[in-house]
Amino acid sequence: MTQMELAERSGRPLKTINEIVKGKTAITPETAIQLERVLGIPARFWSNRERHYRNIWRIRKRRSV
């Protein structure tokens, strides 16, 4: 599925989907629910992935300072 298809199916702007893929925008609870509806993967999975990604990002940022 392309980013465009995901944007169309989820009702989210293409820019938002692209920024999520690039790690620039967080997956909000609302977006997690939309991803669940479109992809059939539970919203909690997407929320957990987001939390883990942000935690790792913070740790790496602290280490590089």
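Annotation: the span from Trp46 atom CH2 to Leu39 atom CG amounts to 5.5 Å, rounded to 0.5 Å. Atom CD1 in Ile17 sits 10.0 Å away from atom CE in Met1 (nearest 0.5 Å). Separating the CG atom in Leu35 from the CD atom in Glu30 is a distance of 10.5 Å, to the nearest 0.5 Å. Rounding to the nearest 0.5 angstrom, the gap separating the CD atom in Glu8 from the OG1 atom in Thr2 is 7.0 Å. Atom CD of Gln3 and atom CZ of Arg12 lie 14.0 Å apart (nearest 0.5 Å).
For the pair Ser47 and Ala32, the tightest heavy-atom approach, listed with the atom from each and the gap, is OG-CB, 3.8 Å. The minimum heavy-atom distance linking Pro42 with Glu36 is given by the pair CA-OE2, 3.2 Å.
A 6.0 Å sphere centred on CZ of Arg51 holds more than 12 heavy atoms belonging to other residues, nucleotides or ligands. Open room surrounds CZ on Arg37; 12 or fewer heavy atoms of other groups in view lie less than 6.0 Å from it.
Linking Ile, Leu, Val, Met, Phe, Trp and Tyr whenever their side-chain heavy atoms come within less than 4.5 Å leaves Met4 and Val21 in two separate clusters. Ile33 and Ile20 are not part of a single hydrophobic cluster, where members link through side-chain heavy atoms under 4.5 Å apart.
Side-chain contact check for Asn18 versus Thr25: every heavy-atom pair is 4.5 Å or farther apart. In this structure, Lys22 and Glu19 have side chains that are not in contact, with every pair of non-hydrogen atoms separated by 4.5 Å or more.
The closest donor-acceptor contact from the side chain of Thr31 to the backbone of Ile27 lies at 3.5 Å or more, if one exists at all.
In this structure, a donor-acceptor pair under 3.5 Å is absent between the side chains of Gln34 and Ser10.
In this structure, Arg49 satisfies the cation-pi test against Phe45, with its NZ or CZ atom closer than 6.0 Å to the six-membered ring centre and inside 45 degrees of the ring normal.
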